[in-house]
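Accompanying notes for the structure given below.
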Amino acid sequence: MKICVVGIGYVGLVTAACLAEAGNNVVCVDNDDKRIKGLENEKIPIYEPGLTELVKHNRRLNRLHFTTRLKVGVDESRIIFLAVGTPSTQDGSPDMSAILSVAGDIAACLSDYRIIVTKSTVPVGTHHKITDLIRSKSDVAFDYVSNPEFLKEGAAVEDFMSPDRIIIGTTNPTVQKTMKRLYSPFMRRSNRIIFMDPASAEMTKYAANAMLATRISFINEISILCEKLGADVELVRLGLGSDSRIGPAFLFPGVGYGGSCLPKDIRALIHVGHEHGVEMKLIESVQEVNRISHERFVERIIEYFGGQVGETVLAVWGLAFKSKTDDVRESPALYCVRKLLDSKMKIRAYDPEAGSAANSALKGRIEIVKNGYDALDNADALVIFTDWQEFRNPDFELIAKKLKKAVIFDGRNLYDPYMVKNAGIEYHSIGRKTRFPKERPKTT
Ligand SMILES: NC(=O)c1ccc[n+]([C@@H]2O[C@H](COP(=O)([O-])OP(=O)(O)OC[C@H]3O[C@@H](n4cnc5c(N)ncnc54)[C@H](O)[C@@H]3O)[C@@H](O)[C@H]2O)c1
């Protein structure tokens, strides 16, 4: 099939590359000239495992094309995907300017029937807004599909190739058939396409993100209580997640959720609730618990260093909002680092992929190093914000030797507290005691 994808960011580029890999001819359109020029030279603008190989492979087979000219994409395709950003505005509602402007520009280019598909996360009712807008500017026939994306950064290619489900929001049977054909290469294990009306498809995306955020805030709230009562949240998590009605996913205690989706989609859901006179009490609490999760972690570090924060140097491991991505949008790490900088601490940080993005977001206020162990030299403590694989089994003796004071603040509960203690390191994690006996208590 001939496809156009507009907005070549995390979602757009992954969608385009995976659809090309399935044999489709895909034109990628973005208004960022630098991004498109780079992609034409196989310079991939984001870090996403497996993506570079896919882009290069499909470029070579002439199935993936890049342009800044929307008309080229619209003319040369039958299905047009919209994957531009919908960031938060001041009042929490999503900024719809990019998607509405692209929809208007598509209307101006339409000369023949097209299927227009929204992948961006957009509020319920956007299907009306976009169809009305296009109809007001063009007489050419088109159909509209709401097809929200559920991929996770860090596993985006894998998620696209083998999705848990595909939501197709259209009630038109002919369009359903076309969309089913397009997605059938990714359904070989079993059919996981769910058809519904566009409003329900739009709502499903927000409901899914709200549920994920709820689970994270839930375990973080339980972890506070665990600390107070002497329980270990890691054991509680295991016991909880092994209930088949609950399951283990998204129940990892930590410094809180972040990224380009959960925080903004939670704000959007609260906003739309208020607009329609619905109090979103649970979701508002989820948001508040997340803020508390960030704050508690920072406060714990500041309190620990008491009066001498001005002389404190912290080694930081991890700046991305989670592992396997270079994305630092609304990263809890950046939130906490800014607070630590405001309290006059100095930061020397390492992240396997997100160093440069974090450096520009923080306007050069921290030192970025190229190796995790280099960050430790003469630092007063190690602080961990991101669950990168390479942080999971470090050389604790070297950490203890390099740090001025052997102490770790772990915002992801990466380590066995007994192992850290045995290396002579003081260990502060989430929802667990700080003081441990020398030996692990026998439980069996
Ligand atoms: N990132 C994720 O993990 C994820 C997952 C699921 C859904 N989403 C949703 O998908 C959408 C895109 O997210 P993203 O993270 O890929 O965003 P992004 O910021 O990485 O990419 C957006 C791209 O759109 C381009 N763009 C903006 N205006 C344009 C215009 N007028 N014409 C052409 N191109 C334009 C930008 O240059 C950029 O390359 C958002 O609505 C987001 O909520 C994101």
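Numbering of ligands and ligand atoms starts at 1, following listing order.
For Tyr206, there are no ring pair (Phe, Tyr, Trp, His ring centres under 6.0 Å) partners two or more places apart in sequence or in a different chain.
Of the options Val29, Asn41, Val55, a side chain to side chain contact (heavy atoms under 4.5 Å, CB included) to Phe66 is made by Val55 and by none of the others.
Between the side chains of Tyr257 and Ser217, not a single donor N or O lies within less than 3.5 Å of an accepting N or O. Side-chain polar atoms of Thr170 and Asn172 form no donor-acceptor pair below 3.5 angstrom.
Protein residues with any heavy atom under 4.0 Å from ligand 1: Val6, Gly7, Ile8, Gly9, Tyr10, Val11, Asp30, Asn31, Asp32, Arg35, Ala83, Val84, Gly85, Thr86, Ala98, Val102, Ser120, Thr121, Glu149, Leu151, Glu153, Lys205, Ser260, Cys261, Lys264, Arg329.
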Atom pairs and distances, donor-acceptor, side-chain atoms in residues 5-28, under 3.5 Å, two or more places apart:
residue : atom : partner : partner atom : Å
Tyr10   : OH   : Asp326  : OD1          : 2.5
Thr15   : OG1  : Val11   : O            : 2.7
Glu21   : OE1  : His57   : ND1          : 3.1
Glu21   : OE1  : Asn58   : ND2          : 2.9
Asn24   : OD1  : Met1    : N            : 3.0
Asn24   : ND2  : Leu19   : O            : 2.8
Asn25   : OD1  : His65   : NE2          : 3.1

List, one per line, each side-chain donor-acceptor pair under 3.5 Å for residues 333-342, sequence neighbours excluded.
residue : atom : partner : partner atom : Å
Tyr335  : OH   : Glu295  : OE2          : 2.3
Arg338  : NH2  : Ala361  : O            : 3.4
Asp342  : OD1  : Arg365  : NH2          : 3.4

